[in-house]
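Chain letters run A, B, ... following the sequence lines, proteins first and then strands; every chain starts at 1. Note that the coordinates shown come from a computational prediction; the quantities given were computed from them, not determined experimentally.
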Number of protein chains: 2
Amino acid sequence: MRNATDALACLQENGYRITTTRQAVNDVLYRLKGPFTIEELSDALPGIGRATAFRTVRLFQDLGIICRVNLEDGSARYQLASTGEHHHHFICTECGVVTEFIDAHIDQAVNRQAQGANFELNAHTIDLYGIGSCCSKKCSTNS
Amino acid sequence: MRNATDALACLQENGYRITTTRQAVNDVLYRLKGPFTIEELSDALPGIGRATAFRTVRLFQDLGIICRVNLEDGSARYQLASTGEHHHHFICTECGVVTEFIDAHIDQAVNRQAQGANFELNAHTIDLYGIGSCCSKKCSTNS
DNA sequence: ATCCTAATGATATCTAGTATCAAATAGCGT
DNA sequence: ACGCTATTTGATACTAGATATCATTAGGAT
């Protein structure tokens, strides 16, 4: 899911209408880039109702255009699925920025653990919380 | 945190009073065993107010007596922290049972990944979703 | 251009969780 | 055992995040 038009094509392919609302949401997605709450998205789209913001986010999520990030406290953020692929998250607890990463070693270790426990693995989430490079400069005095 | 009385001792050690309410909550915790929502806990304790159920769960969580499990959909469940230690979760998407596990290999890989990305890691959560041994027998026909 | 269905927005509602505050009570000193 | 005081509790109201309802709007096939 690279280009802004891909999302629209994806809508069409799946039998959903390309409405001005969905185009507007899509535009904002590609402008925001970072993780956003639905409130933020809704604020960025004054003409669009809250319910529709939620509906559209859910639709885009179902279509794999955006992915949900669960924060430590249970609150949700969303962002463009930069890769449609499987990935994990660095979540900066200072500024909330979420960075995706892929790590084959971790995935291997996870798969081995699941096999060893006779667990039929369908999905897994790995979220790392801490201070990212985005904020570490400011925090050079801690610990 | 093995015995039901340990939780009460833990309360006392931390300067919290051992009230009948907290004892009742503690009893239910040890009876429920599996992961529960606060509503379920509240239902199991008719005499105890909703607000107190939430308060007590939070307190027990802060004391490490129970741990919070974030489900895929963002909803929260709680269960006895079988180890006070760092651990991860197998979450059975059939029956909702959560099993804890410890895996040094995964933790190592996570730490390496964080170091490589110049990310000051404070915490991480790893949740595996799939069919556990609790349910795999019933599902022997799938895939 | 017309028509039908999907999508939208306003609103009400729901759920999870927190704040408030008066009443109850744990547990201390005596 | 008794009383005192700070902690805890329950009822209630409230907030935030999200969904249901439903009349209106608009996409897009014809």
Side-chain angles (χ1 to χ4, degrees), chain A residues 5 7-29 32 35-63 65-79 96, chain B residues 5 7-29 32 35-63 65-79 96:
Chain A
T5 56
L8 303 180
C10 182
L11 280 170
Q12 205 155 37
E13 282 160 25
N14 287 276
Y16 295 100
R17 291 182 180 171
I18 295 174
T19 65
T20 50
T21 301
R22 285 175 182 157
Q23 286 178 321
V25 169
N26 190 46
D27 287 349
V28 171
L29 288 188
L32 287 180
F36 56 88
T37 63
I38 297 186
E39 299 305 321
E40 285 165 1
L41 180 73
S42 192
D43 291 349
L45 295 160
I48 280 142
R50 236 173 70 87
T52 302
F54 276 96
R55 272 190 290 239
T56 309
V57 163
R58 184 130 75 117
L59 176 61
F60 279 30
Q61 201 188 335
D62 291 345
L63 294 174
I65 298 166
I66 59 178
C67 68
R68 179 191 172 118
V69 182
N70 288 319
L71 266 56
E72 246 176 338
D73 62 359
S75 69
R77 299 208 165 207
Y78 299 86
Q79 66 176 24
Chain B
T5 55
L8 302 180
C10 181
L11 280 171
Q12 205 156 37
E13 281 160 25
N14 288 275
Y16 295 100
R17 292 182 179 172
I18 295 174
T19 65
T20 50
T21 300
R22 286 174 183 159
Q23 285 178 321
V25 169
N26 190 46
D27 286 349
V28 170
L29 287 188
L32 286 180
F36 56 89
T37 63
I38 296 185
E39 299 305 321
E40 285 166 1
L41 180 73
S42 193
D43 290 349
L45 295 161
I48 279 142
R50 233 174 69 86
T52 302
F54 276 95
R55 272 189 290 239
T56 309
V57 163
R58 185 131 73 118
L59 176 62
F60 278 30
Q61 202 188 335
D62 290 344
L63 294 174
I65 297 166
I66 60 179
C67 68
R68 178 189 173 121
V69 182
N70 288 319
L71 265 57
E72 250 176 334
D73 63 359
S75 67
R77 299 208 166 210
Y78 299 86
Q79 67 175 24

Results of side chain to side chain contact (heavy atoms under 4.5 Å, CB included) for B/E40 - residues two or more places apart only: B/F36, B/T37, B/R77

message: Restricting to non-hydrogen atoms, name the atom on A/L45 and the atom on A/A24 that form the minimum distance, rounded to 0.1 Å.
response: CD2-O, 3.7 Å

task: Name all residues meeting the side chain to side chain contact (heavy atoms under 4.5 Å, CB included) criterion together with A/Q61; count only those two or more places apart in sequence or in a different chain, and write none if there are none.
output: A/I66, A/R68, A/Y78

statement: Bend of the helix from C/dA1-D/dT30 to C/dT30-D/dA1 from end-axis comparison, five pairs per end, nearest 10°, comes to 40°

task: Answer yes or no: is there a side-chain heavy-atom contact under 4.5 Å between B/L71 and B/V69?
output: yes

Output a table of nitrogen or oxygen pairs between the protein and nucleotides 10-20 of chain C separated by less than 3.5 Å.
unit_1, atom_1, unit_2, atom_2, d
C/dG17, N7, B/R50, NH2, 2.4
C/dG17, O6, B/R50, NH2, 3.2

Bounds of contact between DNA chain D and chain A, in 5' to 3' order, using a heavy-atom cut-off under 4.0 Å: D/dG17 to D/dG28

Protein-nucleotides 26-30 of chain C N/O pairs under 3.5 Å:
unit_1, atom_1, unit_2, atom_2, d
C/dA26, N3, B/R17, NH1, 2.9
C/dG27, OP1, B/I18, N, 2.8

- line: residues 7-17 of chain B vs salt bridge (charged side-chain N to carboxylate O under 4.0 Å, His left out), sequence neighbours excluded, gives none

- line: Residues passing the salt bridge (Lys or Arg N to Asp or Glu O under 4.0 Å) test with A/E39, sequence neighbours excluded, are A/R50

Using a 3.5 Å cut-off and no angle test, enumerate the donor-acceptor pairs between side-chain atoms of residues 53-60 of chain B and protein atoms at least two apart in sequence or in another chain.
unit_1, atom_1, unit_2, atom_2, d
B/R55, NH2, B/T52, OG1, 3.2
B/T56, OG1, B/T52, O, 2.7

message: Using a 4.0 Å heavy-atom cut-off, does A/T21 contact any base of the nucleic acid, only the sugar-phosphate backbone, or nothing at all?
response: sugar-phosphate

- prompt: So, the side chain of B/N14 versus the backbone of B/C10: is there a donor-acceptor pair under 3.5 Å, distance only?
  reply: yes

field: Under the side-chain hydrogen bond (donor to acceptor under 3.5 Å, both in side chains) test, residues paired with A/S75 that sit two or more places apart
entry: A/D73

statement: The reported gap from CG in B/L11 to CD1 in B/I18 (rounded to nearest 0.5 angstrom) is 6.0 Å

message: Looking at every non-hydrogen atom in both residues, tell me the closest pair between B/N70 and A/G74 and how far apart they are.
response: OD1-CA, 4.2 Å

task: To the nearest 0.5 Å, tell me how far B/L8 CG sits from B/I65 CD1.
output: 8.0 Å

